[in-house]
Amino acid sequence: MHKDVKKVLVSQEAIIARCEELGKQISDEYRKIESTPLLVALLKGSVPFLAELVKHIDLDIQFDFMDVSSYEGTESIGDIRVDKDLDCSVKGIDILLVEDIVDTGRTLLEVTKLLKNKGARDVKVVSLLDKPDRRVVDIKADYVGFEVPNEFVVGFGLDFDQKYRNLPYVGVLKDEVYQ
Ligand code: XMP
């Protein structure tokens, strides 16, 4: 375990096993509606999750990336700014948004609206983590890896000050790291 980590909340083994389950469920459900989704991953946090998840999706999917940020501070607020837009058109396309964590839900709400405005036919969401206690808007991921308590988490894509994204598990940092 990394020296700055206080506890592991979700192990690497558990993440891989859950990605396998989610991949099967996603493949089955999109196959049933005869659709092949475009996976849109939000940079940078969702990259490790996307990389693991796509190995278990048995459909000819494509993926693309978007980078968005909220206008103010660390707490995400209403509007978002698009720092990197998609390379391809989404008109008439079924999108599966790939997120690292749903916290207040504002990012997802705004990105979903934006993609629908661009003409996407449908937008569903898969998130590695869900922090339901923090939700302030009425949005729910269609597929969730794990629910986590209301604690700041790092690893498997999630960062503190851009660090710890490469940890192969999701954990909580020691208090002294924040001082
Ligand atoms: P909202 O609040 O819009 O925000 O759902 C989602 C984004 O906030 C970041 N976030 C976290 N990042 N540990 C992190 O490293 C956390 O515990 C955490 N909670 C929220 C993250 O970028 C996510 O995409």
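Note: hydrogens, waters and symmetry copies are ignored here, and every other heavy atom, side chains too, is used. Fair warning: this is a prediction, and the values are worked out from it, not measured in the lab. Counting starts at 1 for both ligands and their atoms, in listed order.
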Does the side chain of Tyr169 pick up a donor-acceptor pair with the side chain of Glu13 at under 3.5 Å?
-> no
Under 3.5 Å side-chain donor-acceptor pair for Asp94 and Ser35 = yes
Nearest neighbour of atom 12 (N) of ligand 1 from the list Leu173, Leu158, Val148, on a heavy-atom basis | Leu158
Tell me which part of Arg134 gets within contact of ligand 1: side chain, backbone, both or neither, using heavy atoms under 4.0 Å.
-> neither
Would you check whether Phe152 has a nitrogen or oxygen atom less than 3.5 angstrom from a nitrogen or oxygen atom of ligand 1?
-> no
Heavy-atom proximity to atom 5 (O) of ligand 1 ranks first, among Gly155, Ser69, Gly105, Ser46, for Gly105
Purely on distance, is any nitrogen or oxygen of Val154 under 3.5 Å from one on ligand 1?
-> no
For Asp103, the atoms of ligand 1 under 4.0 Å from one of its heavy atoms are 1 (P), 2 (O), 4 (O), 5 (O), 19 (N), 20 (C)
Would a distance-only check, ignoring hydrogens and angles, find a side-chain to backbone donor-acceptor pair under 3.5 Å from Arg135 to Ile139?
-> yes
Against heavy atoms of Glu99, which atoms of ligand 1 measure under 4.0 Å?
-> 24 (O)
Should the pair Phe65 and Phe63 be assigned to parallel (<30°), tilted (30 to 60°) or perpendicular (>60°) ring geometry?
-> perpendicular
Got a salt bridge between Arg31 and Glu34, using NZ or NE/NH1/NH2 to carboxylate O under 4.0 Å?
-> no
Between Asp100 and ligand 1, find which residue part has any heavy-atom pair under 4.0 Å and reply side chain, backbone, both or neither.
-> side chain
If you measure from the Lys or Arg side-chain nitrogens to the Asp or Glu carboxylate oxygens, is any gap between Glu29 and Lys32 under 4.0 Å?
-> no
Mark up the atoms of ligand 1 that fall under 4.0 Å of a heavy atom belonging to Thr107, in ascending order.
-> 1 (P), 3 (O), 4 (O), 6 (C)
Hey, are Lys24 and Glu21 close enough for a salt bridge, meaning a charged N less than 4.0 Å from a carboxylate O?
-> no
